[in-house]
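Everything on this sheet refers to the single structure shown next.
The figures here come from the full heavy-atom set of this structure, side chains too, leaving out hydrogens, waters and symmetry mates.
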Amino acid sequence: TTPYGGGGPCAFAGSVGCGTVFQLTRPAVPGGGWTETVLYRFQGHSDGFVPGDLIADPGGNLYGVTSNDGSARCSCGTVFKLTRTAAPSGAWAETVLYRFQGIPAGAIFGDGANPIAITFGTGGALVGTTSGGGLFQGGEGGLAFGTIFELMPPSHVGGTWRESVLYRFTMNEQNPVSGVVIDKQGRLYGTTYTEVYQFASGTTRALHVFDGSDQSGGYYPYGGVILDASGNLYGTTLGGGQSTPHTH
């Protein structure tokens, strides 16, 4: 995906367009150039805009999130599905599976806002995180703290996907900055601004906190984490590490 470009009425700090989903096809001749095909161009209205990463099911359908959508009240983002159509052009059709509402006016709890990423859970479910819209504790700005959510597929074709908030992050934990990975026992792992966490049995546990006191150990783990076969976690941080002295 690209977060911008592709057309549509969106404009962000000099970038124009609401985002695209694209495909790169291998060259027919070794060493030749790859060919890009735009599969879908977001229009910035009900279909959403600023798409994130994609996942694919065995049937070749694509699933993803947009961090925003065109609703006037919230613009809290969507979870969508792209399906190849029978059209000769090879066009893809987008279906919005869920539209986030955030925290209603005067309320404390919400269904989430501005999703980051999704992955496949069990039983055809989609599991992901939102950066905001979960819990309002007072004093914070924006759309409050984020969530871990689950979308369950409908029991019949054409039915409605059902969202459940599995967890609402607090002021102490801060907002998620990545999606989640799931281990063989069904435990979830991800990152917030300040920590790597594990989610299991309805609660989170901080596995490591990046408090900035030791900058050589990094801070701001925006890259999320991945799992190896032994259950070890690997990730990156946006800041910290070894500093390079300035030379004059």
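Residue Leu166 is grouped with residue Val180 when hydrophobic side chains (ILVMFWY) are merged at heavy-atom distances under 4.5 angstrom, including chains of intermediate members. Both Val181 and Val177 belong to a common hydrophobic cluster when Ile, Leu, Val, Met, Phe, Trp and Tyr are linked at side-chain heavy-atom distances under 4.5 angstrom. Under the 4.5 Å side-chain heavy-atom criterion for ILVMFWY residues, a single connected hydrophobic cluster contains both Tyr189 and Phe210.
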Report task. For the pair Phe149 and Tyr98, evaluate ring-ring contact (aromatic ring centres under 6.0 Å, His included) and give the outcome as yes or no after the intermediate values. Result -> CA-CA 11 Å; Phe149 69 89; Tyr98 188 77; 7.6 Å; no
Requested in this report: Decide yes or no on side chain to side chain contact (heavy atoms under 4.5 Å, CB included) for Phe199 and Thr204, but give the supporting numbers first.
Outcome: CA-CA 4 Å; Phe199 173 78; Thr204 62; 3.8 Å; yes
Query raised in the report: Should Ile103 and Phe145 be marked as a side chain to side chain contact (heavy atoms under 4.5 Å, CB included) after you check the CA-CA gap, both sets of side-chain angles, and the distance that decides it?
Result: CA-CA 10 Å; Ile103 301 175; Phe145 303 101; over 6 Å; no
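In this structure, Pro104 and Phe109 approach most closely via the heavy-atom pair CD-O, 3.6 Å. Nearest approach of Tyr167 to Thr203, heavy atoms of both residues: CE1-CA, 4.3 Å. Closest approach of Gly102 and Asp111 over heavy atoms only: N-OD1, 2.8 Å. Taking every heavy atom of both residues into account, Ala107 and Phe136 meet most closely at O-CB, 4.3 Å. Closest approach of Thr192 to Gln174, counting heavy atoms only: CG2-O, 3.8 Å. Smallest separation of non-hydrogen atoms from Lys81 and Tyr63: CE-OH, 3.5 Å.
With hydrogens and angles ignored, the 3.5 Å screen pairs no side-chain donor or acceptor of Glu94 with any backbone N or O of Trp92. Put simply, the side chain of Thr191 gets close to the backbone of Pro221: a donor and an acceptor are under 3.5 Å apart. The backbone N or O of Gly52 lies less than 3.5 Å from a partner atom in the side chain of Thr1, making a donor-acceptor pair. With hydrogens and angles disregarded, no donor-acceptor distance shorter than 3.5 Å links the side chain of Ser164 to the backbone of Glu150. In this structure, the side chain of Thr95 does not engage the main chain of Leu97 through any donor-acceptor pair within 3.5 Å. Judged by distance alone, with hydrogens and angles left aside, the side-chain atoms of Arg168 form a donor-acceptor pair with the main-chain N or O of Gly134 at under 3.5 Å. Counting only distance, with no hydrogens or angles, the side chain of Thr85 and the backbone of Ala91 share a donor-acceptor pair below 3.5 Å. Distance alone, capped at 3.5 Å, places no donor-acceptor pair between the Asn114 side chain and the Gly77 backbone. Remark: side-chain polar atoms of Arg99 are paired, donor with acceptor, to backbone N or O of Ser46 under 3.5 angstrom. In this structure a side-chain-to-backbone donor-acceptor pair under 3.5 Å is missing from Asp53 to Gly64.
Counting heavy atoms from C-beta on, the side chains of Leu233 and Leu227 come closer than 4.5 Å. Inter-residue side-chain proximity for Val50 and Pro3 is flagged as met; some heavy-atom pair is nearer than 4.5 Å. Between Phe169 and Ile148 the shortest side-chain heavy-atom distance falls below 4.5 Å. In this structure, the side chains of Glu163 and Trp161 stay at 4.5 Å or more apart for every pair of heavy atoms.
The local environment of CD1 in Ile108 is sparse, with at most 12 non-hydrogen atoms from other residues, nucleotides or ligands closer than 6.0 Å.
Taken from OH in Tyr219 to OH in Tyr193, the straight-line distance is 15.0 Å, to the nearest 0.5 Å.
Defined by atom type and a distance below 3.5 Å, a donor-acceptor pair is missing between the side-chain atoms of Asn172 and Thr170. Inspection of the Thr66 and Thr78 side chains reveals an N or O donor paired with an N or O acceptor under 3.5 Å.
Aromatic ring pairs are classed by plane angle as parallel below 30°, tilted from 30° to 60° and perpendicular above 60°; the pair Phe80 and Phe42 is perpendicular.
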Can I get a per-line list of side-chain donor-acceptor pairs under 3.5 Å for residues 119-130, giving both atom names and the distance, sequence neighbours left out?
unit_1 : atom_1 : unit_2 : atom_2 : d
Thr129 : OG1    : Ser178 : O      : 2.8
Thr130 : OG1    : Gly132 : O      : 2.9
Thr130 : OG1    : Thr147 : N      : 3.2
Thr130 : OG1    : Thr147 : OG1    : 2.8

